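The structure appears right after this line, and notes come after that.
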Amino acid sequence: MSARTLKTIIESLLFVYDQPLTLDRLALLLEEFERSAIRSALEELVQEYEEAQRGIVLAQVAGGYQLRSRPEHADYIRRLTKSRGVKFSQSALETLAIIAYRQPITRAEIEYLRGVDSGGVLKSLLEKKLLRILGKKDVPGKPLIYGTSREFLELFGLKDLNALPTLKEIQELAPPDPFADQPALPLDPVEAP
Amino acid sequence: MSARTLKTIIESLLFVYDQPLTLDRLALLLEEFERSAIRSALEELVQEYEEAQRGIVLAQVAGGYQLRSRPEHADYIRRLTKSRGVKFSQSALETLAIIAYRQPITRAEIEYLRGVDSGGVLKSLLEKKLLRILGKKDVPGKPLIYGTSREFLELFGLKDLNALPTLKEIQELAPPDPFADQPALPLDPVEAP
Amino acid sequence: MPLETMQSNLFADSLENAYRVQIEEFEGPLDLLLHLIKKNELDIYNIPIASITKQYLEYLDLMKELNLDIAGEFLVMAATLLQIKSRMLLPVTPEEEDAEPEDPRAELVRRLLEYQRYRDASYQLTSRNLLGREVFARKFDSDEISENAPKEEPIDVELFELIDAFRRVLGRVSVETFHSVITDGISIADRISQVLTLLHGGKTISFDSLFHDGMTRDLLVVTFLSILELCKLKLIKITQAESLGSIWLTSSAQSEYLEEELEQEEILVG
C-alpha cells in the first residue's frame with residue numbers, strides 16, 4: 001500500500017477518534033505498516049495541515065496527535081451549540097402525551113396516571129407554550145385544567161387534535177402484551193411514597 | 001474577511017458538528033456573510049475535498065453537508081472504535097425500502113406489498129428514528145401514514161430522496177409484461193388478503 | 001411423504017444434508033414463492049400453478065412436522081394458490097371469451113414482481129456505505145465547545161416519541177382505567193377489590209396514595225368506607241411507622257413478611 005494511502009488512513013483515524021492518538025497506539029492499530037512509515041506519514045500530515053491553513057488543525061498534544069478546529073474560529077463554533085435543538089425528557093413527553101389524549105385534565109389526574117409528581121414538568125411545558133390552562137375544575141380545591149396549545153400542534157405537525165393517532169392504533173403498534181390476560185392494575189403500588 | 005477565511009470557518013463548523021449542516025443553517029449562523037458567498041465557499045470545499053483524495057470526505061447528505069471518514073478505511077476505523085455498526089434484518093430492510101420508494105404509505109399498503117404483518121418491524125424502525133409518522137390518511141379508519149426520516153438519509157448517505165437509486169424497471173429484468181394494460185397494482189387495503 | 005424426501009425436494013440438493021434440519025427462513029409467502037420460482041427456474045409470467053402449489057404446500061407441511069409456527073399469511077396464500085389452481089381448470093365460457101378474462105394468476109404475478117423490486121431495492125440499500133458501518137462522523141461534544149447554555153431552544157422531537165411515551169403510560173395503566181381515570185359511581189365492593197388488587201402479593205401502599213386531588217367526593221367517601229370495611233373483615237392491616245408519619249396499608253395475610261419490610265422502611269425514613 002502506498003504512503004499516500006497510509007497518510008489518508010491515519011487521517012481517517014484521527015478524524016474519527018476524539019482523543020489524541022499516539023504513535024505507539026497507531027503502530028499497534030496499523031500492524032501491517034512499519035512504525036517508521038507511520039511516523040513519516042504523521043510528519044508529512046502535520047506539515048500539510050500547517051501549510052494549508054485550513055479550518056481543521058493537526059495538533060500535537062499529550063504525546064499524541066489530534067485534529068481540532070482552528071482556535072481563531074471559536075466564536076463561530078460557539079454559535080452552533082447555542083442554536084442546537086433541545087431534546088425532550090421522557091417525563092415531559094409522557095406528560096404531554098397524557099394531556100394531549102385526555103384533555104381537559106387536572107394535575108392530580110396526570111399524576112394519578114404517571115404515578116409521580118408532575119408539577120415541575122407541567123411548569124416547564126407551560127413555559128415552552130405547549131400547554132394552555134383551560135380553566136378551573138368545579139370540584140373541591142378548584143384545580144386548574146390543562147390542555148395542549150396551538151404550538152403543540154405545530155411542533156408535531158398535526159392538523160388538529162383528531163390527527164393524533166388513536167389509542168387503538170398505538171396499541172396495534174405495540175407487541176403483544178404478555179400480561180394482557182392478567183387483571184388490570186389501576187395504579188402501580190410501587191410508586192406509593 | 002476573505003473568501004479563504006470563510007471557507008476555513010465553514011470547515012471548522014463542519015468538523016465540529018456531528019450532523020449535516022444545511023446551507024440555510026450556515027447562513028443563519030454566519031449572518032455577517034452573504035448567503036451566496038457561503039454557497040460558493042461550500043462548493044469550493046466540496047471540490048477541494050474531492051480532488052484531494054484525503055482520509056476525510058465531505059458528503060452531501062440529508063439536504064446538508066457533513067464531514068465523514070473515507071468509506072474504504074472502514075476496517076481500520078473499526079479497530080479503533082470497535083463499532084460494528086447497525087445490522088438490519090431482511091424484513092427491516094424490505095420495509096424500509098418499500099417506505100422509502102412508496103411514501104407516503106400506510107401500514108396496510110406495506111403489508112399488502114410484503115405479504116406479511118409488519119407492525120413489529122414498523123415499531124422498531126420508528127424507534128430507530130428511521131421512520132416518521134406523516135399524519136393520517138383521509139380514508140375510512142384514518143390509518144397512519146409513514147415516511148422516512150432525516151436519520152434515514154443520514155444513515156444511508158443520501159442527499160435527498162431523489163438520490164435513491166431508481167427501482168429497476170421490471171422490463172429490464174424480464175420479458176414484456178403481459179398484464180401491462182391492466183390497472184395498476186391495487187393498494188386498497190381491503191383487497192389485501 | 002417422508003420428511004427427508006420433502007427436504008431434498010425443496011431445499012437440500014445434496015442428500016448428505018437430508019437429515020440435518022434445513023429450513024430456510026422466509027420473510028413471508030411472497031418470499032417463499034419467489035424462492036420456489038427461482039429454484040425451479042420458472043418463468044414468473046407463466047407459473048405452472050399446480051406444481052408451485054404442490055411445492056408450497058409441501059413447505060408448509062415441513063414446517064408443521066418441525067413444529068414451527070406457521071404464520072397466518074402463509075395459510076392465506078395457500079388458499080389463494082388453491083383458488084387460482086381451480087380457476088385455471090374452469091373452462092372458459094363464450095361470453096367470457098369476448099371480455100378477455102384476466103389470467104387467474106395475474107394478480108399474484110403483479111404482487112410477486114412488485115415485491116421483487118422492493119427486495120432488490122433493499123439489497124441496494126444495504127450495499128451502500130452506512131453511517132456507523134463504513135463511514136464515521138465525529139462525536140459532537142457540546143460541553144467542550146460552549147461555555148454558556150443554549151439561548152434559543154428549538155425542540156427536537158418526533159411524533160412517534162410522543163406516542164411511544166404514551167404507549168408506556170398505557171403499559172402501566174390499563175386502557176379502561178385510562179378512559180375512566182376518576183370513576184364516578186363506583187361501589188364499595190368494587191373499590192374493595194381494587195384496593196386488594198393493589199395489595200396483592202404482599203405489597204404495601206400508603207393510605208394517602210388511595211386519595212388524590214380531583215377525585216370526586218363520592219369516590220373519596222367510597223374509598224374510605226372500603227378501607228374501614230377491609231379492616232373489619234381483617235383483610236388488611238393499618239400501620240403507622242411513627243406518630244404523624246405515613247399510614248400504611250398491608251394485606252394481613254402476609255403481615256409477618258410485611259412487618260420486616262416496614263422495619264426497613266422505618267430505617268430508610270428516619
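The shown structure was predicted, so the numbers you read here are calculated from the model rather than taken from an experiment. Throughout, protein chains are lettered first and strands after them, A, B, ... in sequence-line order, and every chain is numbered starting at 1.
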Which pair of non-hydrogen atoms, one from [X] and one from [Y], has the smallest distance, and what is that distance?
| X | Y | result |
| --- | --- | --- |
| C:Y118 | B:A97 | O-CB, 3.7 Å |
| B:E94 | C:Y115 | OE2-OH, 2.5 Å |
| C:L131 | B:E154 | CB-O, 3.7 Å |

Is it true that a side-chain atom of C:R111 and a backbone atom of B:Y112 form a donor plus acceptor pair closer than 3.5 Å?
-> yes
Keeping the roles fixed (side chain from B:R114, backbone from C:L30), state whether a donor-acceptor pair exists under 3.5 Å.
-> no
Check: [Y] and [X] side chains under 4.5 Å, non-hydrogen atoms:
| X | Y | result |
| --- | --- | --- |
| C:S122 | B:T95 | no |
| B:V116 | C:E27 | no |
| C:R133 | B:K87 | no |
| C:Q124 | B:F156 | no |
| C:L125 | B:F152 | yes |
| C:L130 | B:F88 | yes |

Hey, what do you get for [atom1] ([X]) to [atom2] ([Y]), rounding to the nearest 0.5 Å?
| X | Y | atom1 | atom2 | value |
| --- | --- | --- | --- | --- |
| B:Q90 | C:F26 | CD | CZ | 12.0 Å |
| B:T166 | C:R117 | OG1 | CZ | 9.5 Å |
| C:E134 | B:H73 | CD | NE2 | 13.5 Å |

For chain C, which residues of residues 40-67 of chain B have heavy atoms nearer than 4.5 angstrom | B:Q66, B:L67
Region of C:Y123 in contact with chain B, defined by heavy-atom distances below 4.5 Å | side chain
Where does C:A137 contact chain B at under 4.5 Å (heavy atoms): side chain, backbone, both or neither?
-> both
Residue part contacting chain C, namely of B:D75, when any heavy atom lies under 4.5 Å | neither
For B:L158 and C:R128, run side-chain contact (heavy atoms from CB on, under 4.5 Å): C-alpha distance rounded to whole Å, both residues' side-chain angles, the deciding distance at 0.1 Å, then the answer.
-> CA-CA 9 Å; B:L158 295 161; C:R128 296 184 66 85; 3.4 Å; yes
